[in-house]
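Below is one structure, written out as structure tokens; the observations come after it.
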Amino acid sequence: MPKPYVNFSEDEFRERQRRVRSELVARDLDGLLVSRVEDQHWLCGLDTDGFVIFHIMFIGSGGQLTHVSRTADIASIDYSSLCDDVRVWEDAEGNSKSKAIRDMLASHGMAGKRIGVQLDTFGLLPALHVELREVLDGWCELVDASNLVRLMRLVKSPAELEHHRHAGRILDRACARAIELTGPGADEGHVLAEVYRIIWEEGADIPANRMPMGHGDKAMNVRYVTGRGSIGENDQVTFEMGDAWRHYHVADMFTVLTGPKIDPRHLKMHEACVEALDSVQAALRPGRTLGEVFEAHRATLAAHGFEHAILKACGYTMGATFPPTWMEQPMIYRDNPLVLEPNMVFFTT
């Protein structure tokens with residue numbers, strides 16, 4: 001396959017770009033500064049972690065598509081991106097990133113125009129946003145358009161859905177291996193090593209955030225912490241597992257009790273959680289709101305006497321994500337008004 005190495009047809013990328021440009025016109029915007037790497041990946045195939053230092057893309061309503069990046073990312077852009085207009089910002093003392101962005105915008109005739117900007121991304125840190133505001137103040141108008149591409153990405157294409165499904169098949173095998181190995185005396189590092197081995201050997205991507213595996217005193221952390229250990233008797237081992245195929249993520253969360261003694265409270269909680277999960281998945285239907293889905297979760301656990309123990313969200317949408325997290329917005333929480341559509345993808349808990 002010739003460069004660029006993209007994971008969808010060029011026609012699919014062109015249609016995504018067309019939809020964004022149409023929405024720019026509808027919002028009376030002349031362009032969008034795309035700092036969220038997931039959106040850049042979706043629009044042109046870009047595959048890099050260089051966004052953590054500096055990388056921004058511009059898509060204009062008139063057909064413009066431009067990368068502004070560092071020399072260190074030129075090879076990644078050449079390898080993975082359909083965008084061939086690349087402007088290089090030089091790492092040098094006193095050379096501001098915002099000036100490079102303004103120069104790029106000026107080359108596209110954006111002086112005095114309305115430009116969308118994404119304010120909720122890891123690619124636009126507060127310092128750069130402040131600097132950008134100062135440089136562009138009075139030169140053009142910056143407008144918050146954080147959700148413009150994100151909302152489009154919620155509904156997946158057939159090719160995107162197949163990436164999710166393939167990731168799920170691999171994760172099923174990794175989870176089964178983790179359960180097989182989990183028992184008194186098992187080394188946590190060995191269990192995780194086997195999980196990662198399966199993911200790597202299947203050609204998948206390791207997840208965008210490190211996978212929590214809690215036991216003993218860290219059983220309820222549900223967050224990764226450093227330090228390995230051995231699993232004990234009567235231990236509760238909590239896994240939150242994930243992997244990705246071409247960055248499209250899936251996740252699974254489950255608990256293994258090592259025994260030999262099983263607390264009856266665990267069995268009651270398990271019964272309640274199974275029923276609540278079934279209720280949530282039954283409510284995930286086009287036309288319903290995410291608030292209604294959360295209410296199905298809350299009401300089921302309340303009926304089992306566990307309303308005091310519920311978390312404030314019971315899932316979130318998933319898609320193509322980059323470090324540091326596989327989570328995407330929106331989350332499933334109380335009164336969320338977002339209406340479900342066909343071909344959305346959710347992780348539910």
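The analysis underlying the following values was restricted to heavy atoms, covering all of them including side chains, and did not include hydrogens, waters or symmetry mates. Start at 1 with the first residue, then count along the sequence.
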Cation-pi geometry met for R16 and F8 (6.0 Å, 45°): yes
From CA spacing to verdict: side-chain contact (heavy atoms from CB on, under 4.5 Å), Y224, N209: CA-CA 9 Å; Y224 177 89; N209 59 277; over 6 Å; no
Looking only at the side chains, is there a donor atom on one of [X] and [Y] sitting less than 3.5 Å from an acceptor on the other?
X	Y	result
H166	E202	no
D144	S146	yes
S80	D47	no
H249	E328	no
T48	D73	yes
Y316	W326	yes
E188	H215	yes
H67	S81	yes

Among H163, H55, H247, the one residue meeting ring-ring contact (aromatic ring centres under 6.0 Å, His included) with H41: H247
Check: E38 and F51 side chains under 4.5 Å, non-hydrogen atoms: no
Residue pair H108 / D85, side-chain heavy-atom distance below 4.5 Å: yes
Gap between atom CD1 of I56 and atom OG1 of T121 - 0.5 Å precision: 7.5 Å
Derivation and outcome, ring pair (Phe, Tyr, Trp, His ring centres under 6.0 Å), residues F294 and Y333: CA-CA 5 Å; F294 180 82; Y333 54 74; 8.0 Å; no
